[in-house]
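What follows is a single structure, written as structure tokens, with notes after it.
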Amino acid sequence: MTEAAKIAVVLLSGGLDSMVTGALAREQGFRLHALSIDYGQRHRRELQSAQAIAEKLEVERHVQLPLDLRQFGASALTADIDVPKDGVGDNIPVTYVPARNLLFLALTTAFAESSDASDIFIGVNALDYSGYPDCRPEFIASFAETARLGTRQGVEGRPFAIHAPLQHMTKADIASECNRLGLDPAWSWSCYDPTPDGLACGLCDSCRLRLKGFAEASVKDTTRYAGKPS
């Protein structure tokens, strides 16, 4: 297999960050496989976007895996808890899903190993984000070592490379990359709490960070919002 034909597995949530990450992997010459997790999130819109993005990026194999984290609850994304709309704070918000990226990366690693792929792409960001601990560089580095120790591929000397190309980007940087790569922002979905008529709320942490990034980058966000922060 030539270098240009290698497979990369992308953890594709359907959000802006995962879309840009997938496009960056494709730009590097990888063939793409993608994993999306149906974890019982409070709406289906993000998964619909993941499907659309997979088609736009010409993903060869896209798996949508059911994993009902509603059984655990403890998050505004998986339980009957109000999504905060009062701005991004300094504490880990109630939208944090316990150990989500730890679980998702483990599943993505299993998918990669079954695809004979050594490259995993994840769209975590540790600058303009909600403070989730499983988005930090030290977590990604630690997981890569865990994957090396805990897989046949790792112990046979073919460890996984965990690529987090957005790790140190601002949301403005990510919006600029979205524009440079020729992606339509509306293909992706970031809102935690869409309105009944299918608009992004514009006020949850994720919407606020996204809107701020596009504004700072002077790039048009084609997503339709019900409102915007004052």
Side-chain angles (χ1 to χ4, degrees), residues 11-23 36-37 39 41-50 52-53 69 74-98 100-101 104 122-137 139 164-181 183-230:
L11 182 56
L12 185 64
S13 68
L16 174 69
D17 294 353
S18 71
M19 177 175 74
V20 171
T21 297
S36 302
I37 310 294
Y39 63 91
Q41 54 267 59
R42 62 193 299 152
H43 62 82
R44 311 293 300 174
R45 184 64 179 79
E46 193 177 46
L47 289 169
Q48 293 167 3
S49 289
I53 292 165
L69 295 183
S75 168
L77 302 189
T78 57
D80 189 17
I81 301 171
D82 290 340
V83 173
K85 301 288 182 70
D86 53 357
V88 181
D90 295 328
N91 298 319
I92 298 172
V94 72
T95 50
Y96 165 71
V97 178
R100 179 172 61 179
N101 281 343
F104 288 5
I122 181 171
V124 292
N125 172 264
L127 291 183
D128 288 338
Y129 76 127
S130 294
Y132 301 148
D134 52 4
C135 290
R136 297 174 300 163
F139 164 70
L166 312 186
Q167 186 87 76
H168 301 293
M169 289 188 185
T170 65
K171 280 293 183 187
D173 294 333
I174 296 167
S176 295
E177 280 293 272
C178 178
N179 185 59
R180 182 187 69 79
L181 291 161
L183 306 170
D184 184 346
W187 295 345
S188 66
W189 187 262
S190 301
C191 180
Y192 291 151
D193 194 24
T195 65
D197 53 350
L199 302 181
C201 74
L203 297 175
C204 66
D205 283 7
S206 189
C207 281
R208 286 174 184 267
L209 290 166
R210 177 175 173 137
L211 285 164
K212 176 175 176 285
F214 276 95
E216 290 177 350
S218 299
V219 173
K220 180 177 175 56
D221 185 356
T222 51
T223 302
R224 296 172 62 218
Y225 292 89
K228 295 183 179 179
S230 59

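Every heavy atom of this structure was used, including side-chain atoms; hydrogens, water molecules and symmetry mates were not.
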Look only at the side chain of R136 and the backbone of A126, and say whether a donor-acceptor pair between them is shorter than 3.5 Å. no
Counting only heavy atoms not in N91 (residues, nucleotides, ligands), do more than 12 fall under 6.0 Å from its CG? no
Work out which heavy atom in C178 is nearest to a heavy atom in P185; give both atom names and the distance. SG-CG, 4.0 Å
Nearest non-hydrogen partners of A200 and T223, listed with the distance: CB-CG2, 4.2 Å
Interatomic distance, L69 atom CG to Q41 atom CD [nearest 0.5 angstrom]: 8.5 Å
Once the angle between the rings of Y96 and Y132 is folded into 0 to 90°, is it parallel (under 30°), tilted (30 to 60°) or perpendicular (over 60°)? tilted
How close do S188 and R210 get, counting heavy atoms only, and between which atoms? OG-NH1, 3.0 Å
Heavy-atom pair of closest approach, residues C191 and W189: O-NE1, 3.1 Å
Smallest heavy-atom separation, L47 atom then S36 atom, equals CD2-CB, 4.3 Å
Distance-only polar pair, side chains of S75 and R100, donor-acceptor under 3.5 Å: no
Return yes if some donor-acceptor pair links the side-chain N/O of R224 with the main-chain N/O of A186 below 3.5 Å, else return no. no
Judged by atom type as modelled, is there a donor-acceptor pair below 3.5 Å linking the side chain of N101 to the main-chain atoms of D134? yes
Starting at CG of L127, measure out to CE of M169 and round the result to the nearest 0.5 Å. 10.0 Å
V83 vs T95, test: side chain to side chain contact (heavy atoms under 4.5 Å, CB included). Steps then yes/no. CA-CA 7 Å; V83 173; T95 50; 4.3 Å; yes
With rounding to the nearest 0.5 Å, note down the distance linking CG in N125 to CD1 in I174. 4.5 Å
Step by step, work out the side chain to side chain contact (heavy atoms under 4.5 Å, CB included) result for V124 and Q167. CA-CA 6 Å; V124 292; Q167 186 87 76; 3.9 Å; yes
So, R45 versus S49: side-chain donor-acceptor pair below 3.5 Å or not? yes
Compare every heavy atom of L166 with every heavy atom of D17, then report the nearest pair and how far apart it is. O-CD1, 3.3 Å
For S18, is there any backbone N or O sitting under 3.5 Å from a side-chain donor or acceptor partner on S13? no
To the closest 0.5 Å, what do you measure between CG (L16) and CZ (F214)? 5.0 Å
Are D173 and T170 linked by a side-chain donor-acceptor pair shorter than 3.5 Å? yes
Going from NZ on K228 to CZ on R208, what distance comes out if it is rounded to the nearest 0.5 angstrom? 13.0 Å
Reported NZ-to-CD distance for the pair K171 and E216, which is rounded to 0.5 angstrom: 12.0 Å
Within the structure provided, determine whether P137 and H168 are in side-chain contact (heavy-atom separation under 4.5 Å). yes
